[in-house]
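Since the structure comes first, as structure tokens, the remarks are kept for the end.
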Amino acid sequence: MCGIDGRTTTTGTDGHGHGLVEGIEARIADSGTTTTTEDPTTPDWRLRGDWFDVCSCGLPCPCTFAQAPTHGSCLFTLVWHIEEGHYRNTDLGGLGVVAVGEFEGNMWIGDPGAMMRLMFYIDAEADPDQRHALERLFTGKEGGWPGLFGSLIGELRGIEYAPVRFHAAPDLAHWEAEIPGRVKVGAKALTGPTADPDRRVQLINAPGSEVGPGQVATWGVVEDDHATGFDFSRPYRGGSSKHFPFDWSPR
């Protein structure tokens, strides 16, 4: 699944001398989205945890290399598990969020047509204050990396509340998430005949990290790709998966 970058330092160019990040930031500037804490009214918040996707691209997903999706469009399920987090005085640790949707084009080059259509499932364990916080954060209203993600949502088709079950092996041998009766996605760590079985196949300094710069991607082979609640434009089949840790704040 294609990503977005909130830093002012570029990670490359699109072949026409335009920074990949700069193209996205220009769109954000035009929209008026706040991405820093320069506004004194921005709440104090932080989220840290695990993220993974199961998308329709071939393995490895070219979006993580800041390229266009394998088939021109990307159908995806995105999973966030918040290990630790807060929004103002509201604790968000232990909660999960899932997005199901699709997009066409390459978000990394400022393509105005590369906007997501998606829906969110927010953990039913969240109380009213937690739901309010997660809705604001994940729809991009509180800046930071989620603010950049939110700027690329062209059509939000709904937010539903359902129990989100998440598990990732400590050694990242596998990862999975389930919303009973609605979503069941997961993968096992990629390996092969020449790979060290005690080490993971990983990407450092990803050009198109979906969770932001500085994190390491671990590649996986899709085992489950069931997702409902979103009307995909074509049948959804998982072809690629990867795991990233994330650590976000308004800064």
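Computed from a predicted structure; not experimentally measured.
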Show the nearest heavy-atom pair for residues [X] and [Y], with the distance to one decimal.
X      : Y      : value
Leu75  : Tyr236 : O-CE1, 3.5 Å
Ser151 : Leu148 : OG-O, 2.6 Å
Cys61  : Cys55  : SG-SG, 3.9 Å
Asp50  : Phe246 : O-CE2, 3.2 Å
Arg131 : Ala124 : NH2-O, 3.3 Å
Pro62  : Thr70  : CD-OG1, 3.3 Å

Parallel, tilted or perpendicular: which one describes the rings of Trp80 and Phe138, with boundaries at 30° and 60°? perpendicular

Give me the ring orientation class for Phe52 and Trp175: parallel if the planes are under 30° apart, tilted from 30 to 60°, perpendicular past 60°. tilted

Centroid-to-centroid, His81 to His167, below 6.0 Å? no

Say you draw a straight line from [atom1] of [X] to [atom2] of [Y]; how long is it, rounded to the nearest 0.5 Å?
X      : Y      : atom1 : atom2 : value
Leu78  : Phe120 : CG    : CZ    : 8.0 Å
Ile122 : Ile159 : CD1   : CD1   : 5.0 Å
Thr218 : Leu172 : OG1   : CG    : 5.0 Å

Verify whether one side chain among Ser233 and Arg117 offers a donor that lies under 3.5 Å from an acceptor in the other. no

Considering only heavy atoms from C-beta outward, does the side chain of [X] approach that of [Y] to under 4.5 Å?
X      : Y      : answer
Val98  : Thr77  : yes
Leu137 : Val97  : no
Pro43  : Arg136 : no
Leu156 : Leu118 : yes

What about [X] and [Y], same hydrophobic cluster or not, with Ile/Leu/Val/Met/Phe/Trp/Tyr joined at side-chain heavy-atom distances under 4.5 Å?
X      : Y      : answer
Val201 : Val221 : yes
Leu152 : Val100 : no
Phe244 : Met116 : yes
Trp248 : Met107 : yes
Phe149 : Leu47  : yes

Any donor-acceptor N/O pair, Glu125 side chain to Asp123 backbone, under 3.5 Å: no

Within the distance-only criterion (no hydrogens, no angle test), does the side chain of Ser241 pair as donor or acceptor with the backbone N or O of Asp53 below 3.5 angstrom? yes

Show me the side-chain donor-acceptor pairs of residues 82-91 shorter than 3.5 Å, one per line, residues at least two apart or across chains.
residue, atom, partner, partner atom, Å
Glu84, OE1, Arg48, NE, 3.3
Glu84, OE1, Arg48, NH2, 3.2
His86, NE2, Asp44, OD2, 2.8
Tyr87, OH, Glu142, OE2, 2.8
Asp91, OD1, Gly93, N, 3.2

Scan the side chains in residues 223-232 for donor-acceptor partners under 3.5 Å anywhere in the protein, sequence neighbours excluded, and list what turns up.
residue, atom, partner, partner atom, Å
Asp224, OD2, Lys184, NZ, 3.1
Asp225, OD2, Gly238, N, 2.7
Thr228, OG1, Arg182, O, 2.9

Heavy atoms of other groups near Arg199 CZ, more than 12 under 6.0 Å: no

Evaluate His243 against Arg200 for side chain to side chain contact (heavy atoms under 4.5 Å, CB included), listing each step before the verdict. CA-CA 11 Å; His243 170 281; Arg200 298 291 165 248; over 6 Å; no

When you look at Cys57 and Phe76, which way does the side chain to side chain contact (heavy atoms under 4.5 Å, CB included) test go after all the steps? CA-CA 9 Å; Cys57 289; Phe76 59 79; over 6 Å; no

Between Gln215 and Asp247, is the side chain to side chain contact (heavy atoms under 4.5 Å, CB included) condition met? List the steps. CA-CA 9 Å; Gln215 304 292 358; Asp247 192 344; 4.1 Å; yes

Output, in order, the C-alpha distance, side-chain angles, deciding distance and verdict of side chain to side chain contact (heavy atoms under 4.5 Å, CB included) for Cys63 and Trp108. CA-CA 9 Å; Cys63 304; Trp108 287 101; 5.6 Å; no

